[in-house]
Structure formats: C-alpha cells, structure tokens
Amino acid sequence: MNFGKAIELFLVNGTADSLVTAELSNWNGKAIKIPRTEVNRCAREDIRNAGVYFLFCQEDDGSESVYIGEAENVHERLLGHLHDYQSGKEKYYWNTAILFIGRDLNKALIRYLENRFVEIARECNRYTILTKNTYKNTVMKESQIASMEEFIENVKVLINTLGYRVLVPVPTATDATVYLYCTGSSAKAKGFISSGGLTVLKDSVVSPGMVPSMSKSYAMLRQKLETDGTILDGRFQRDYEFSSPSAAATVVRGHSSNGNVEWKTVDGVKLKDL
C-alpha cells in the first residue's frame, strides 16, 4: 500500500528558476537544486556537506544526459567541475545541479549511493549517463545498506518531484492496459498510453527510413535511438516511453504523423476516440 508524502519546497530567492530546497517530512535528508550560474557565489553551509549530486545537461539534439557523482564537500566538487570545463578537461556542459545531503553521511555511504544511483539510472535508460567509474565494492554493514536503500527511495521521490525522471523506470503494462498499434511503410509497433506519454514496446518495428520533410527534432530523436541501441536493425530492443503519441508515431512511421489518429486498438478504434 502506498501512503501520501508531505514535501516542503522552498524557493530560496523567491523564484523557481533559482535555488530551491526540497525536504520530505520525517526524513533528515535534503535536496538542493541550484543553477550552474549560482554555484560560484553560493555561500550556503549545507551544500558544503557530504552528499551525492546530479548534473543535468541538455544536448543540441534535445537528448538529455546526466553526470552522477559524490563528494565530501559537494560545493567544492561543483566548483571543480566548473574549473574543469573552463580548462577543457570536461566536455559536457550542465545547466542544473541537484544535490542530496543527509545527516551522518560519510565517504563509504556516499560512494555506495553514487554507485546505486548510476545503476538505477542506467536501468531506467531515460538519460545518457556520463559517469564512467564508481566504487562497486564498498564494504558496509547490513544496517547501513538498509538505511541507504531507504535514502535512495526518498531521493527518487524528490528528484521526480523536481521534474527530473532520471530514476523513474519505463512504465510496464498491467492487466487493465489497453494496447495500441501503429502501422505504415513496413512499420508495425505496439504500445500503450503511460503517465509520461506513450510507451512503445520491445520488438516493435519501425519504417526503413525517414522522409526529408520529417521534423528535425523527431529525426534527431530517431537517430539518437538508433545510435544508443534502443532501435537496432529497425526494431526496438527495449520498451521506450515517448513524450506524446505523435512523437511515437512519427519515429515509428518515419514521417510526420498525428498520434491521435495513427495509434489504434486491435479493433481499429483511434486513440482520439477512446
């Protein structure tokens, strides 16, 4: 049984695009969202604590990537990232950092958290993960692992509330799911409406090519899916959630498509008529 959760969001400077803190009731952890432009001048003491952090990047093709790290002084580590980018050591450009700190976190615990978050984010496959190496064999007591797994569940709630679905798995079908189908130009896809848009299922087949007039953003999305292995040899290798039925239909059919018309039930009922 799921229970309701109370979250306190505080707009530190009065606007949502500036520093934001988020806290769950009855939890000693805290989330802090801070724009890149405010890191240098931030004088808060809490961001100098030990914790884990997520650096979110938006690529030119619309794809999203994230670097997940840990530090005993998170603010100092963020400044290090800024310096590395300026000196050319770091190639990616992040816009927003979300930090998670907690009472009594130490080096062993944050190493465990970093590794687990990277594992979860890779399984969810919503973002390109920029983190290369983590500590996979951190020695911890059973009670510490249990405590950190609870920490992870709370982080999942807060980071999703702040608008980043990096730790949210692709939706799965249930017994009540109504399946939809999209065909055309050798394409044959199966999917269902999900909380984030429309999820196309593994083994769905896409059209062999894309027309030149296809929207640039959708063409870049399909190219990304083919590059990262989501689509291989014209077939989805895993379930993938699109932001809308039209985005899914366009990628599947290889040309601009109205998802409300092209996605239909097995009986031929259009999505718009459901």
Side-chain angles (χ1 to χ4, degrees), residues 1-12 16-35 39 42 44-56 64-75 77-78 94-127 129-131 134-136 138-172 194-196 241:
M1 179 178 180
N2 292 324
F3 296 93
K5 296 181 182 295
I7 299 175
E8 179 182 302
L9 292 177
F10 179 56
L11 311 183
V12 177
D17 59 356
S18 183
L19 195 70
V20 177
T21 66
E23 298 179 77
L24 275 168
S25 60
N26 301 317
W27 184 50
N28 62 26
K30 178 194 288 186
I32 303 172
K33 181 169 79 76
I34 182 170
V39 170
C42 187
R44 295 176 64 95
E45 284 300 318
D46 51 7
I47 71 170
R48 289 166 170 77
N49 293 334
V52 290
Y53 60 90
F54 296 71
L55 306 180
F56 291 97
E64 296 174 308
S65 56
V66 61
Y67 180 92
I68 302 172
E70 50 83 14
E72 292 181 278
N73 182 324
V74 180
H75 183 247
R77 185 67 186 96
L78 294 184
W94 53 273
N95 296 302
T96 302
I98 299 184
L99 338 172
F100 292 92
I101 56 177
R103 191 169 63 231
D104 301 327
L105 287 181
N106 57 36
K107 191 63 175 178
L109 299 181
I110 58 179
R111 282 180 172 178
Y112 177 85
L113 289 173
E114 177 197 43
N115 181 64
R116 287 286 289 119
F117 285 133
V118 169
E119 289 177 343
I120 295 167
R122 283 177 175 156
E123 290 172 2
C124 293
N125 197 40
R126 291 182 179 272
Y127 287 69
I129 310 303
L130 302 173
T131 308
T134 62
Y135 292 88
K136 300 181 183 298
T138 305
V139 178
M140 290 172 41
K141 296 188 295 185
E142 185 178 6
S143 60
Q144 290 177 312
I145 293 175
S147 178
M148 288 303 96
E149 288 299 321
E150 182 180 9
F151 192 98
I152 289 168
E153 290 305 309
N154 288 330
V155 167
K156 288 180 180 179
V157 172
L158 287 179
I159 201 167
N160 191 27
T161 300
L162 291 170
Y164 296 88
R165 295 164 64 82
V166 60
L167 303 178
V168 178
V170 174
T172 56
S194 50
S195 59
E241 186 178 35

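For R77, the salt bridge (Lys or Arg N to Asp or Glu O under 4.0 Å) test picks out no residue, with sequence neighbours left out. Scored by the side-chain hydrogen bond (donor to acceptor under 3.5 Å, both in side chains) test, D46 finds K30, R44 as partners (sequence neighbours excluded). Judged as a side chain to side chain contact (heavy atoms under 4.5 Å, CB included), and not counting sequence neighbours, S147 has no contacts. Partners of E72 under the salt bridge (Lys or Arg N to Asp or Glu O under 4.0 Å) rule, at least two apart in sequence or in another chain, do not exist in this structure. For E123, the salt bridge (Lys or Arg N to Asp or Glu O under 4.0 Å) test picks out no residue, with sequence neighbours left out. Partners of T161 under the side chain to side chain contact (heavy atoms under 4.5 Å, CB included) rule, at least two apart in sequence or in another chain, are I7, V157. Under the side-chain hydrogen bond (donor to acceptor under 3.5 Å, both in side chains) criterion, T138 pairs with no residue at all, not counting sequence neighbours. Considering only residues two or more places apart in sequence or on other chains, N154 meets the side-chain hydrogen bond (donor to acceptor under 3.5 Å, both in side chains) condition with none of them. The salt bridge (Lys or Arg N to Asp or Glu O under 4.0 Å) check on E150 picks up nothing, with sequence neighbours excluded. Shown here are the ring-ring contact (aromatic ring centres under 6.0 Å, His included) partners of Y164, two or more places apart in sequence or in another chain: F56.
Checked against S65 for a side-chain contact (heavy atoms from CB on, under 4.5 Å), the options L55, L130, V166, I129 give a single hit: L130. Checked against F100 for a side-chain contact (heavy atoms from CB on, under 4.5 Å), the options I152, I159, L113 give a single hit: I159.
Within the model, atoms NZ of K5 and OG of S25 stand 8.0 Å from one another, a figure rounded to the nearest 0.5 Å. Atoms SG and NZ, from C124 and K156 in turn, are 7.0 Å apart once rounded to the nearest 0.5 Å.
Contact between I101 and A50 at its shortest, heavy atoms only, is CG2-O, 3.7 Å. In this structure, N115 and Y135 approach most closely via the heavy-atom pair CB-O, 3.5 Å. Residues I47 and N73 share a closest heavy-atom pair of O-OD1, 4.1 Å. Heavy atoms only, all atoms of each residue included: S194 and P171 are closest at CB-CG, 3.6 Å. Taking both residues in full, the closest heavy atoms of D17 and P35 are given as O-CG, 3.4 Å, listed atom of the first, atom of the second, then distance. Shown here for I145 and M140, the closest heavy-atom pair between the two residues is N-CE, 3.8 Å.
A 6.0 Å sphere centred on CG of N106 holds more than 12 heavy atoms belonging to other residues, nucleotides or ligands.
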Do W94 and V66 pass the side-chain contact (heavy atoms from CB on, under 4.5 Å) test, and can you show the C-alpha distance, the side-chain angles, and the key distance before you say yes or no?
CA-CA 8 Å; W94 53 273; V66 61; over 6 Å; no
Practice prompt. Evaluate the criterion side-chain contact (heavy atoms from CB on, under 4.5 Å) for residue pair I32 and V20; output intermediate values, then yes/no.
Written response: CA-CA 6 Å; I32 303 172; V20 177; over 6 Å; no
- Query: salt bridge (charged side-chain N to carboxylate O under 4.0 Å, His left out) between E149 and R116: does it pass, once the steps are laid out?
  - Reply: CA-CA 9 Å; E149 288 299 321; R116 287 286 289 119; 2.8 Å; yes
Kindly indicate, with the supporting measurements, whether the criterion side-chain contact (heavy atoms from CB on, under 4.5 Å) is fulfilled by I34 and C42.
CA-CA 9 Å; I34 182 170; C42 187; 3.9 Å; yes
I98/L162 under side-chain contact (heavy atoms from CB on, under 4.5 Å): CA gap, chis, key distance, verdict: CA-CA 9 Å; I98 299 184; L162 291 170; 4.1 Å; yes
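For the pair T131 (side chain) and I68 (backbone), a donor-acceptor distance under 3.5 Å is present. Looking at R126, its side chain does come within 3.5 Å of a backbone N or O of P169 through a donor-acceptor pair. Of the possible polar contacts, one joining the Q144 side chain to the K141 backbone as a donor-acceptor pair under 3.5 Å is found. When atom types are taken as modelled, the side chain of R165 and the backbone of N160 share no donor-acceptor pair closer than 3.5 angstrom.
The closest side-chain heavy-atom distance from L167 to V155 is below 4.5 Å.
Applying the ring pair (Phe, Tyr, Trp, His ring centres under 6.0 Å) test to pairs two or more places apart or on separate chains, those with a residue in residues 104-123 are F54-F117. Annotation: salt bridge (charged side-chain N to carboxylate O under 4.0 Å, His left out) contacts involving residues 94-114, sequence neighbours excluded, comprise E70-K107.
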